[in-house]
Colleague: 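Please see the structure below; I have some questions.
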Amino acid sequence: MSAAPSWERVYAVVRRVPRGRVATYGQVARLAGLTNGARQAGYALHALRPHTAVPWYRIVNAAGRISLGDVAGAVTQRLLLEREGVPFDAAGRVDLARYQWKARPRRGA
DNA sequence: GCGGTGACGGTCG
DNA sequence: CCGACCGCCACCG
């Protein structure tokens, strides 16, 4: 099954990210079931359509930084996150230790 | 069908 | 702490 592209799987995970939280590409990739790792997750978001209802802006790299190459897009992403209550430090990084989304680990731990 | 590239990640210096 | 290099593998030309 899974006739649909793997990207749909990624979008589904991204949609699960709650407001005011962020997730890393690797995290999303793993939750999406991507064996290749984070790179494909980034590709999936790259292929994302602007009109798609997916909070792509909640996805940052493992360093808590915006990996987007497009400067305008990066600014937009940061703005949207700050708007949700996710602050950036002087280095333009998010405190993943506090704001990284904790995926529902089948029962808390 | 082959080669280069990339919304990354982890490790080394 | 930060910067640089290599590695993985799917997608595009």
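In the text below, chain A, chain B and the rest are named by the order of the sequence lines, each starting its count at 1.
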Colleague: In the structure shown, which nucleotide is the Watson-Crick or G-U wobble counterpart of B/dG1, with both distances under 3.5 Å?
Modeller: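 Result: none.
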Colleague: For A/Arg65 and A/Val60, which heavy atoms make the closest approach, and how far apart are they?
Modeller: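 Heavy atoms of A/Arg65 and A/Val60 come nearest at O-CB, 3.5 Å.
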Colleague: I'd like to know whether CZ of A/Arg15 has more than 12 heavy-atom contacts from other residues, nucleotides or ligands below 6.0 angstrom.
Modeller: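 More than 12 heavy atoms, drawn from other residues, nucleotides or ligands, come within 6.0 Å of this atom.
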Colleague: Round to a whole Å and report the spacing from CD of A/Gln100 to C1' of B/dG9.
Modeller: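 Atom-to-atom, A/Gln100 to B/dG9, this comes out as 13 Å.
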Colleague: For a 4.5 angstrom cut-off between non-hydrogen side-chain atoms, does A/Val14 reach A/Arg58?
Modeller: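 A/Val14 does not reach A/Arg58 side chain to side chain.
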Colleague: Test salt bridge (Lys or Arg N to Asp or Glu O under 4.0 Å) on A/Arg21 and A/Glu84 and set out the steps.
Modeller: CA-CA 8 Å; A/Arg21 280 281 158 49; A/Glu84 295 192 348; over 6 Å; no
Colleague: Kindly say whether A/Trp101 contributes a backbone atom to a donor-acceptor pair with the side chain of A/Gln27 at under 3.5 angstrom?
Modeller: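 Indeed, once roles are kept as given, a pair shorter than 3.5 Å links the two residues.
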Colleague: If I take atom CG in residue A/Asn61 and atom P in nucleotide B/dG6, what distance separates them, rounded to the nearest angstrom?
Modeller: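 Answer to the nearest Å: 16 Å.
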Colleague: Need the pair for C/dG3. Rule: Watson-Crick or G-U wobble, both distances under 3.5 Å, any strand; none if unpaired.
Modeller: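 Pairing partner, where one exists within any strand: B/dC12.
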Colleague: In this structure, how many angstroms lie between the C1' atom of B/dA7 and the CZ atom of A/Arg65, rounded?
Modeller: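 Rounding to the nearest Å, CZ of A/Arg65 and C1' of B/dA7 are 15 Å apart.
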Colleague: Hey, are the side chains of A/Thr76 and A/Tyr57 touching, using non-hydrogen atoms and a 4.5 Å cut-off?
Modeller: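 Contact flag for A/Thr76/A/Tyr57 side chains = no.
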Colleague: Picking from B/dC8, C/dC2, B/dA7, which would you name as closest to the side chain of A/Leu68?
Modeller: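 Looking only at heavy atoms from C-beta outward on A/Leu68, the closest nucleotide is B/dA7.
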Colleague: By the 4.0 Å heavy-atom rule, please label A/Arg30 as base, sugar-phosphate, or nothing.
Modeller: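 Touches nothing.
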Colleague: Whole-Å distance between B/dA7 C1' and A/Trp56 CH2?
Modeller: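 After rounding, the reported distance stands at 9 Å.
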Colleague: Can you see which heavy atom on A/Gly37 is nearest to which on A/Ala29, and at what distance?
Modeller: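 In this case the closest contact between A/Gly37 and A/Ala29 is O-CB, 3.2 Å.
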Colleague: With heavy-atom distances below 4.5 Å as the criterion, would you say the side chains of A/Leu48 and A/Tyr43 are in contact?
Modeller: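 They are not in side-chain contact.
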Colleague: Give the intermediate values and the outcome of side chain to side chain contact (heavy atoms under 4.5 Å, CB included) for residues A/Val28 and A/Val10.
Modeller: CA-CA 7 Å; A/Val28 173; A/Val10 178; 3.6 Å; yes
Colleague: Please list, by residue number, the residues of residues 22-29 of chain A whose heavy atoms come closer than 4.0 Å to an atom of DNA chain B; answer none if no residue qualifies.
Modeller: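 Residues of residues 22-29 of chain A under 4.0 Å from DNA chain B: A/Thr24, A/Tyr25, A/Gly26.
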Colleague: Summarise protein proximity over nucleotides 6-13 of chain C in one line of letters, 5' to 3': B for base, S for sugar-phosphate only, - for none, counting protein heavy atoms closer than 4.0 Å.
Modeller: -BBSSS--
